[in-house]
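In this text, all values refer to a predicted model and were calculated from it rather than measured experimentally. In each ligand, atom 1 is the first atom listed, and ligand 1 is the first ligand listed.
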Amino acid sequence: MTNPDTGYQVSRGTRDEDTPIGAAAKRASQVLTPGGAGTLPRPVERRVLTIANQKGGVGKTTSAVNLAAALALHGLRVLVIDLDPQGNASTALGVDHRSGVPSSYELLLGEATMSEAIAQSPHSPNLFCIPATIDLAGAEIELVSMVARETRLKKALADPVVESIDYVFIDCPPSLGLLTVNALVAAREVLIPIQCEYYALEGVGQLLRNIELVQAHLNPQLHVSTILLTMYDARTKLADQVAAEVRNHFGDRVLSSAIPRSVKVSEAPGYGTTVLDYDPGSRGAMSYLDAGRELAMRGARKGNR
Ligand code: ATP
Ligand code: MG
């Protein structure tokens with residue numbers, strides 16, 4: 001068919017979703033419609049996942065908040081515990097974390113209960129957060145002299161207020177100190193984000209040894225259930241090499257959805273939100289939705305809790 005005004009050929013069958021922008025808009029509207037993302041099975045028992053990697057900047061916090069938001073969108077009730085004094089997870093979830101707010105610091109020191117420290121994220125009625133304030137920076141040292149210093153978070157999680165929660169994600173700082181040990185004792189699963197970059201596996205051996213130590217002495221059920229490839233750039237050979245090496249090493253514990261390097265993912269925290277809210281149709285948002293779905297389905301299938 002020819003456009004009578006321009007004389008150009010017009011393709012008859014073109015629909016909005018055939019263009020990249022149209023497709024993104026369609027995905028976004030699906031995700032944003034209540035119930036539009038569909039539902040995911042609730043785990044038989046609450047799943048507690050510690051997100052750890054002592055290498056800095058690999059996507060621990062980004063993965064904690066976006067996986068949490070993805071599961072919340074599917075109707076699951078999710079709690080993120082921010083154990084990093086930087087408080088980046090609290091920021092992304094839109095939760096107040098100024099010094100003095102009841103937070104993970106008071107929780108670990110026994111100065112606040114779970115119900116006092118838990119805050120609702122404005123992004124979803126299913127999403128909750130225990131924020132981290134800068135006070136947490138002193139906790140590594142303050143905890144050293146305390147009784148049962150490694151099991152404080154685990155005890156705090158026994159609170160009835162957590163009973164209705166399906167998933168708990170614990171966002172660790174980039175170190176293997178007492179905060180991370182508390183997270184490893186409180187969880188049953190470890191999720192390790194691995195950045196598809198040079199030195200990707202640097203430090204992972206040390207992390208695995210620490211996990212074994214915690215498993216042997218403090219938490220026999222602890223295991224590395226999930227590896228998530230982050231900042232994957234499909235245009236580079238290096239990303240493929242790293243992904244292949246990680247899959248070779250960790251086998252089917254590696255989620256098949258890798259998170260692409262995406263500007264939208266990195267911009268979202270600046271607006272106090274997750275990429276699922278910031279740009280729900282973007283590749284970054286879609287990849288976290290896929291990874292969240294995979295995580296939930298795997299847990300349901302394998303009894304990974
Ligand atoms: P830290 O060890 O300091 O706690 P982290 O492991 O929690 O860091 P993030 O804070 O999640 O890492 O990410 C590090 C930086 O990389 C942040 O600026 C974040 O916005 C950016 N980033 C994370 N994931 C992506 C991605 N998929 N694409 C682009 N940028 C990303
Ligand atoms: Mg972080």
A.B. asks: For ligand 1, is Gln86 a contact, meaning one of its heavy atoms is under 4.0 Å away?
C.D. replies: yes
A.B. asks: Has ligand 1 got any nitrogen or oxygen that is less than 3.5 angstrom from a nitrogen or oxygen of Asn88?
C.D. replies: no
A.B. asks: Taking only heavy atoms of Pro260, which atoms of ligand 1 are found under 4.0 Å from at least one of them?
C.D. replies: 26 (C), 27 (N), 28 (N)
A.B. asks: Can you confirm whether some protein heavy atom lies under 4.0 Å from atom 23 (C) of ligand 1, or whether none does?
C.D. replies: yes
A.B. asks: Quick one: are Arg253 and Ser225 in side-chain contact, heavy atoms under 4.5 Å?
C.D. replies: no
A.B. asks: Check Ser90, Ser104, Ser121 against Cys129 for a side-chain contact (heavy atoms from CB on, under 4.5 Å) and give me the one that passes.
C.D. replies: Ser90
A.B. asks: For ligand 1, which is the ligand I care about here, please tell me if Ser63 has any N or O atom under 3.5 Å from one of the ligand's N or O atoms.
C.D. replies: no
A.B. asks: Side chains of Tyr105 and Glu142: donor-acceptor distance under 3.5 Å anywhere?
C.D. replies: yes
A.B. asks: Would you verify that at least one protein heavy atom lies under 4.0 Å from atom 18 (O) of ligand 1, or report that none does?
C.D. replies: no
A.B. asks: Take Thr91 and His97 through the test side-chain hydrogen bond (donor to acceptor under 3.5 Å, both in side chains) and record every step on the way to the result.
C.D. replies: CA-CA 8 Å; Thr91 305; His97 64 104; 2.9 Å; yes
A.B. asks: Considering non-hydrogen atoms of the protein only, which is the closest contact for atom 2 (O) of ligand 1, and what is the distance?
C.D. replies: Lys60 NZ, 2.8 Å
A.B. asks: Salt bridge (Lys or Arg N to Asp or Glu O under 4.0 Å) for Asp166 and Arg42? Distances and angles first, verdict last.
C.D. replies: CA-CA 7 Å; Asp166 299 308; Arg42 293 187 64 185; 2.8 Å; yes
A.B. asks: Pull out every atom of ligand 1 sitting under 4.0 Å from any heavy atom of Ser266, numbered as shown with elements.
C.D. replies: 20 (O), 30 (N)
A.B. asks: At what distance is the nearest protein heavy atom to atom 12 (O) of ligand 1, and which residue and atom is it?
C.D. replies: Gly59 N, 3.0 Å
A.B. asks: Closest heavy-atom contact between Asn88 and Asp82?
C.D. replies: N-OD2, 3.8 Å
A.B. asks: Run the numbers for me: atoms of ligand 1, each under 4.0 Å from some heavy atom of Pro174, listed by number.
C.D. replies: 2 (O), 4 (O)
A.B. asks: Should you measure from each heavy atom of Gly56, which atoms of ligand 1 turn up under 4.0 Å away?
C.D. replies: 2 (O)
A.B. asks: Could you tell me the residue and atom name of the protein heavy atom closest to atom 9 (P) of ligand 1, and the distance to it rounded to 0.1 Å?
C.D. replies: Thr62 OG1, 3.5 Å
A.B. asks: Would a search of protein heavy atoms around atom 29 (C) of ligand 1 find one under 4.0 Å away?
C.D. replies: yes
A.B. asks: Which of the numbered atoms in ligand 1 are below 4.0 angstrom from a heavy atom of Ile259?
C.D. replies: 27 (N)
A.B. asks: List the atom of Ser63, the atom of Ile51, and the distance in Å for their closest heavy-atom pair.
C.D. replies: C-CD1, 4.4 Å
A.B. asks: For atom 1 (P) of ligand 1, which protein heavy atom lies nearest, and how many Å away is it?
C.D. replies: Gly57 N, 3.5 Å
A.B. asks: Minimum heavy-atom separation for Ala296 and Tyr167, please, with both atom names.
C.D. replies: CA-OH, 3.4 Å
A.B. asks: Relative to the heavy atoms of Val58, which atoms of ligand 1 are at a distance of less than 4.0 Å?
C.D. replies: 5 (P), 6 (O), 12 (O)
A.B. asks: Is Lys237 paired with Asp240 through a side-chain N to carboxylate O contact shorter than 4.0 Å?
C.D. replies: no
A.B. asks: Decide whether the shortest distance between a heavy atom of Ala64 and an atom of ligand 1 is less than 4.0 Å.
C.D. replies: no
A.B. asks: Side chains of Arg283 and Ser262: is there a donor and an acceptor less than 3.5 Å apart?
C.D. replies: no
A.B. asks: Number the atoms of ligand 1 from 1 as they appear, then name those within less than 4.0 Å of a heavy atom of Asp84, with their elements.
C.D. replies: 4 (O)
A.B. asks: Scan Lys55, Met231, Lys60 and name whichever one has a side-chain contact (heavy atoms from CB on, under 4.5 Å) with Pro193.
C.D. replies: Lys60
A.B. asks: At their closest point, which heavy atom of Thr133 faces which heavy atom of Arg98, and how far apart are they?
C.D. replies: CG2-O, 3.4 Å
A.B. asks: Any N/O/S atom, side chain or main chain, of Thr61 closer to the Mg ion (ligand 2) than 2.8 Å?
C.D. replies: yes
A.B. asks: Output the list of atoms in ligand 1 that are nearer than 4.0 Å to some heavy atom of Met231, sorted by atom number.
C.D. replies: 16 (O), 22 (N), 23 (C), 24 (N), 25 (C), 26 (C), 27 (N)
